[in-house]
Amino acid sequence: MEGSDPRKTDFIREIIDEDIRADKHGGRVHTRFPPEPNGYLHIGHAKSICLNFGIAEEYGGKCNLRFDDTNPSREEEEYVESIKEDVKWLGFDWEDRLYFASDYFGRMYDLSVDLVRNGNAYVDDLTGEEIRQYRGNLTTPGRESPFRDRPVEENLDLLERMRKGEFKDGEKVLRARIDMAHPNMNMRDPVIYRILKASHHNTGDKWCIYPMYDWAHGLEDSIEDITHSLCTLEFENHRPLYDWFLDHLDVYHPQQIEFARLNLTFTVMSKRKLLQLVENKLVTGWNDPRMPTISGMRRRGYPASSIREFCSRIGVAKINSTISFELLEHCVREDLNRTSPRSMGVLDPLKVTIENLPDDHEDLMEVKNNPEDPGAGTRSVPFSNELFIERSDFLEDPPRKFFRLSPGKEVRLRNAYLVTCTDVVKEGGEVVELICRADLDSRGGDAPDGRKVKGTLHWVSAKHAVEAEVRLYGKLFTVEDPLGVEGDFTDHLDPGSLNVLNGCKVEPSVREKRVGASFQFERLGYFMIDPDTTDDRLVINRTITLRDSWAKIQKK
RNA sequence: AGCCCCGUAGUGUAGCGGUCUAGCAUGGGAGACUCUGGAUCUCCCGUCACCAGUUCAAAUCUGGUCGGGGCUACCA
């Protein structure tokens, strides 16, 4: 992954540099990306993936993919597969280091026995509700559980029986024995194990007690010899606990470092909220092209490299921030402009007949595939006397600075001919066809006398055109911060965020493209072939429009 | 209210005591160029939250104030 930027620096890389200088881990750098398999990955995860895998790459270290599957009640195999696919697609490789927290359940259990043995944990019979009450609140200290001082032997026995399944869900928990008056709520004797008689996607029914995050996560890092455990800011208050557990066991102690999670305007970034959109069928699925999920962006046509570039540009810091959606879009356009072959397609066709060409006229225009990339070669585009142009490229009564077609005006048909509109055919007031006269000396699009022709239109030969369904996507929400305004966030979904166009006419070469292929329809934007495409149905997604300065002018 | 974290242009960041009349990107504005009103190029748009110290010198160090965020799940 060659980043164009000279040398990224951020506070995390500074810490790592310092650790290497101090020979803290013998120069080793080992990170991990630890998703919980309870939803699809989104662009926020991409930030973490790029950070963790990127750092490992830069420092010649390693990065593990580890599923943090400690809660059987909401984790599914489907999510495991999608996450693997998304990480791979983003361009990262965990090699042979695919791990599951559930693989460590045995080790974790043994370690918890050590904790009990040393008097640092106890089995509590309080109910969930009671535990909550005993915990106190932000300003008042908690009270100690009456079971807190059980003898070690009794705790050992009870823990063993918890594991064996002798108790019902919620009947007992194992708790750390820390300090019920600690100003950090996380330190008020946090729960280590809870009883959950649920089948686990990986361990089946082997376990009926499952470790809590705070207990499990540090151990996972420790077991995997992680050097720098990078997580988001909301775990800052958990770090003392992360450290406490590791300090009270005879195990290797990695370092947790927190950074700010990604927020993006015009979207929501919580798995719970995204799940809500999916379950309530407000979108077509996790991979709906309007979703901020990796799979959604993939289907939308965002290149993986543009997402990586975006993640590199936003940087890593501890400031809570919201990145404007435009930056992501900029990265997508920049990438696609460089790499996408061009073609022509007409979304809203208006028929044009060239009056000075015979009915059976056919011709092949040799056209550059990508003006940005001479190596991309050329292709032949069929031309005839009957064409389609974009309806919005004609106005009977044009405003000033309208460089397109109108009665009597001359424009260029891209790579074809200069044409002048000589007549307008209407049916019931609606324009149904234009009659144009071509300058036959301008074949290829160059004016024979060097005269300036300001407007250039895209076109498709009517008799050669391929029909397509084109799906136009816009922002999912109408407001920058769907969670920060009145009402439920779903109230602010944009009903116009999906616009399906049928009967679009595209040049024949588009039919040859594979599913997933990106290309530009000149003057319109970047598109990609949707997986819904079949032998007799061509479905195209619009990834993003071109920057449109005409639209800007119109607004004024 | 207790604990933790943060505060540089609209947005996101660089900056690690002088080389900062604060760099870059994005965004916005103006123009040039152009067979995509695309791309490209040029120019313009910021008194480092505030106050007090330390220092010859502070965006950078110290203290305080103000502002923002997080934490009271048998979730992660």
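Source: prediction; values computed, not measured. Chain A is the first sequence line, chain B the second, and so forth, proteins listed ahead of strands; every chain is numbered from 1.
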Would you list the protein and nucleotides 2-7 of chain B atom pairs, both N or O, that sit under 3.5 Å from each other?
unit_1: B:C5; atom_1: O2'; unit_2: A:E236; atom_2: OE2; d: 3.4

Exercise. With a 4.0 Å cut-off on heavy atoms, is A:R414 in touch with a base, just the backbone sugar-phosphate, or nothing at all?
Worked result: base
Exercise. Touch check for A:H238, heavy atoms < 4.0 angstrom, all strands: base, sugar-phosphate only, or nothing?
Worked result: base
Closest to side chain of [X], choosing from [options]:
| X | options | value |
| --- | --- | --- |
| A:V173 | B:C74, B:G37, B:A14 | B:C74 |
| A:R132 | B:A73, B:G37, B:U36 | B:A73 |
| A:R313 | B:A25, B:A76, B:G12 | B:A25 |

Exercise. Do A:Y213 and the base of B:A76 stack face to face, with centres under 5.5 Å apart and an angle between planes under 30°?
Worked result: no
Would you tell me if any nitrogen or oxygen in the side chain of [X] comes within less than 4.0 Å of OP1 or OP2 on [N]?
| X | N | value |
| --- | --- | --- |
| A:S321 | B:U13 | yes |
| A:T9 | B:G15 | yes |
| A:R547 | B:A39 | yes |
| A:T456 | B:U34 | no |
| A:R523 | B:G37 | yes |
| A:S549 | B:G38 | yes |

Exercise. Under 6.0 Å between ring centres, would you say that holds for A:F521 and A:F527?
Worked result: yes
For this session: For this output row, return yes or no: ring centroids of A:Y79 and A:Y40 closer than 6.0 angstrom.
Result: yes
[N] and [M]: how far apart are their [atom1] atoms, nearest whole angstrom?
| N | M | atom1 | answer |
| --- | --- | --- | --- |
| B:C6 | B:C20 | C1' | 24 Å |
| B:C48 | B:C33 | P | 39 Å |
| B:U8 | B:G15 | P | 14 Å |

Exercise. Taking the side chain from A:K409 and the backbone from A:R404, do they hold a donor-acceptor pair closer than 3.5 Å?
Worked result: yes
For this session: Please determine, by modelled atom types, if A:H201 and A:E76 share a side-chain donor-acceptor pair under 3.5 angstrom.
Result: no
For this session: Scan side-chain atoms only and decide if A:Y213 and A:D68 contain a donor-acceptor pair under the 3.5 Å cut-off.
Result: no
For this session: Classify the side chain of A:E326 and the base of B:U11 as holding, or not holding, a donor-acceptor pair under 3.5 Å.
Result: no
Problem set entry | Under 3.5 Å donor-acceptor pair, A:E234 side-chain atoms to B:C71 base atoms | no
For this session: State whether A:R412 and A:D446 are salt-bridged, where the test is any N-O pair (Lys NZ or Arg NE/NH1/NH2 against Asp/Glu carboxylate O) under 4.0 Å.
Result: no
Problem set entry | Pairing of A:K197 and A:D169 as salt bridge, 4.0 angstrom limit | no
For this session: Using both distances under 3.5 Å as the test, list the Watson-Crick or G-U wobble partner of B:A49, or none.
Result: B:U65
